[in-house]
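Predicted model only: the values in this text are computed from it and were never measured.
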Amino acid sequence: MMKMFNTMTLTKEDFQPMHEDKISMYVCGPTVYNYIHIGNARSAIAFDTIRRYFEYRGYEVDYVSNFTDVDDKMIKAAAAQDITVPQLAEKYIAAFNEDTAALNIKPATVRPRATEHITEIIDFVTDLIDKGYAYESAGDVYYRAKKFKNYGALAHQDLQEMTSNAAGRLDDVELARKEDPMDFAVWKGEDGDGAIAWDSPWGKGRPGWHIECSVMSTKYLGNHFDIHGGGIDLAFPHHTNEIAQSEVHTGEQFVNMWLHNGFVTVGDENEKMSKSLGNFVTVHDLLQQIDDPMVLRFFMATTQYRRAIAYSTKNMAQAGQNLEHIRTGYRNLQFRLQDALGGDDEHITKQVNTHIAAFNAAMDDDFNAPNALTAIYELVDLANQYANAKAVYQQAVQFILDSLVTLMGVFGVDGLAQEELLDADIDALIKERDQARAAKNFARSDEIRDMLAKQAIILEDTPQGTRWHR
């Protein structure tokens, strides 16, 4: 049985989906006022990997992840670029889709936007007021946090300390509007900037940040669902407030399992990467600098999701070498298909199944990606050993190759095998190599030879010219 670390209980728990063959999962998406940085990508990759593992194990996954397409940051960014908030949202949603596609992150089952759910948000807030858990004040609507039993349980923090910290972050105007510093906005009255607002029973305004996820998660997954995920920085206040709002509104338990991924850190001090600290690297920029997006995917997906990731060019380079090791093992064995004998090799099949079982056991244990990766490395070692055997059997070779593709697919890493070069392409590269040798450009000559060798193309330099064979 799968075990997961539930942030609510701080323990690993057995995971039993609410429905036998289906898992419901909500993951907080980005606020689309800029390109996503690799801290955002880390969360998207972590939960995409978890989703892929569920699907690998035979579950259908309803995966909902939102776009926050209206808030204070978006209003400021739109004004700075002299465009409307919706135009800003469209720009960065398009960029998000492009960047995540490059990282092989699967599209969500539903990707709702806050601005598409204003009617439902207003109805939700009205219900909180009717139940005495929210109140209007000068056009804003606030939730009475301390009225909700066990408020802050997910954050595991002292309520008095939380109150003190909240009061210290408020300006005098907002503090005067609230009954208690811990109260949080579920609706924000228009502040006169005229940027974007909707009519409501409390005057023109826009949703608070926390309310949108409560509305959209329950709309698409139901009042009570299996898993809610996001970065650990969202446990308080965002997810804490979601629980308080949702359980009052529905009268039901909100979520069974709370999963949170760790930060991405940078620098010698392992400082958290964030836009507010100005130390972030955007995926958009990074994709222009690296040759293979799968290296970034591999780097992030193969770290256990709850651990912090130390981003550096050195660590990225190491990930690239490790990925190339796996690809080389795959190609070495793939080359043997041309002389493989018919039939199977039971001894090899048994070893492959042992490595698959080790992979599954690791991922069943709170998605322990490093241990699962060890099982893949052992499968690669087997591939290399079998590639050097005097005789190999077609079914056994194909079983190893297919297993490597499947297990790496759980990590979202594609492209173990390069597409086979056409004869005309090979001839063109050989001509280029001959020209490079004549010009004494031996670096390019060697590069082409190595490129072709990775594609299982063997070159022979003869007095009559260069010959090749597969």
Side-chain angles (χ1 to χ4, degrees), residues 52-53 56-57 292 294-295 297-298 301-302 318-363 368-423 425-426 429-430 433 446-462 466-470:
R52 285 171 178 270
Y53 183 66
Y56 159 79
R57 295 291 262 171
D292 185 0
M294 286 298 97
V295 173
R297 171 83 200 208
F298 180 77
T302 55
Q318 183 64 55
Q321 292 173 13
N322 293 339
L323 178 55
E324 188 57 32
H325 169 70
I326 295 170
R327 286 171 168 166
T328 300
Y330 181 96
R331 294 166 190 157
N332 287 343
L333 185 58
Q334 186 183 42
F335 182 64
R336 292 302 306 273
L337 281 173
Q338 64 182 353
D339 67 345
L341 303 173
D344 201 357
D345 186 328
E346 292 184 2
H347 178 65
I348 293 296
T349 299
K350 183 177 180 180
Q351 291 183 69
V352 174
N353 284 325
T354 297
H355 298 317
I356 292 173
F359 177 93
N360 294 346
M363 292 297 283
N368 191 327
N371 286 359
L373 184 59
T374 296
I376 290 177
Y377 286 146
E378 290 172 348
L379 188 56
V380 171
D381 289 343
L382 176 64
N384 285 323
Q385 292 166 17
Y386 201 47
N388 291 321
K390 289 184 178 180
V392 298
Y393 292 87
Q394 185 176 17
Q395 290 181 35
V397 169
Q398 197 62 57
F399 186 37
I400 295 174
L401 296 176
D402 290 346
S403 298
L404 280 170
V405 169
T406 298
L407 299 188
M408 289 296 284
V410 172
F411 290 135
V413 177
D414 290 342
L416 293 188
Q418 295 176 343
E419 293 185 11
E420 189 174 275
L421 288 173
L422 300 175
D423 289 0
D425 297 327
I426 297 170
L429 284 169
I430 289 174
R433 178 173 176 269
D446 291 345
E447 183 182 11
I448 292 172
R449 175 185 282 278
D450 292 343
M451 181 193 311
L452 293 173
K454 288 181 179 179
Q455 300 262 356
I457 306 299
I458 306 303
L459 302 184
E460 295 179 0
D461 294 318
T462 72
T466 304
R467 296 177 179 176
W468 66 269
H469 62 85
R470 295 187 188 277

Mind listing the closest non-hydrogen atom pair of [X] and [Y] along with its distance?
X      : Y      : result
Phe298 : Leu323 : CE2-N, 3.9 Å
Asp344 : Ala396 : OD1-N, 3.4 Å
Leu379 : Ser403 : CD2-CB, 3.9 Å
Tyr56  : Asn360 : OH-OD1, 2.7 Å
Leu337 : Gln398 : CD1-OE1, 3.8 Å
Phe411 : Ala372 : CZ-CB, 4.0 Å

Does atom CD of Glu324 have more than 12 heavy-atom neighbours from other groups under 6.0 Å away?
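Yes, CD of Glu324 has more than 12 neighbouring heavy atoms, counting only those of other groups under 6.0 Å.
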
Just checking Gln394: does its CD atom have more than 12 heavy atoms from other residues, nucleotides or ligands closer to it than 6.0 angstrom?
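Count not over threshold, so no.
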
Under 3.5 Å: donor-acceptor pair, side chain of Arg336, backbone of Ala389:
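Indeed, once roles are kept as given, a pair shorter than 3.5 Å links the two residues.
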
Scan side-chain atoms only and decide if Asp381 and Gln385 contain a donor-acceptor pair under the 3.5 Å cut-off.
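Gln385 and Asp381 do not have a side-chain donor-acceptor pair below 3.5 Å.
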
Answer with yes or no whether the side chains of Gln351 and His355 bring together a donor and an acceptor at under 3.5 Å.
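No donor-acceptor contact under 3.5 Å links the two side chains.
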
Can you list everything that forms a ring-ring contact (aromatic ring centres under 6.0 Å, His included) with Tyr393? Sequence neighbours excluded, please.
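In terms of ring-ring contact (aromatic ring centres under 6.0 Å, His included), with neighbours along the sequence ignored, Tyr393 is linked to no residue.
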
Member of Val380, Val392, Ile348 meeting the side-chain contact (heavy atoms from CB on, under 4.5 Å) criterion with Ile400:
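Among Val380, Val392, Ile348, the one that satisfies the side-chain contact (heavy atoms from CB on, under 4.5 Å) with Ile400 is Ile348.
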
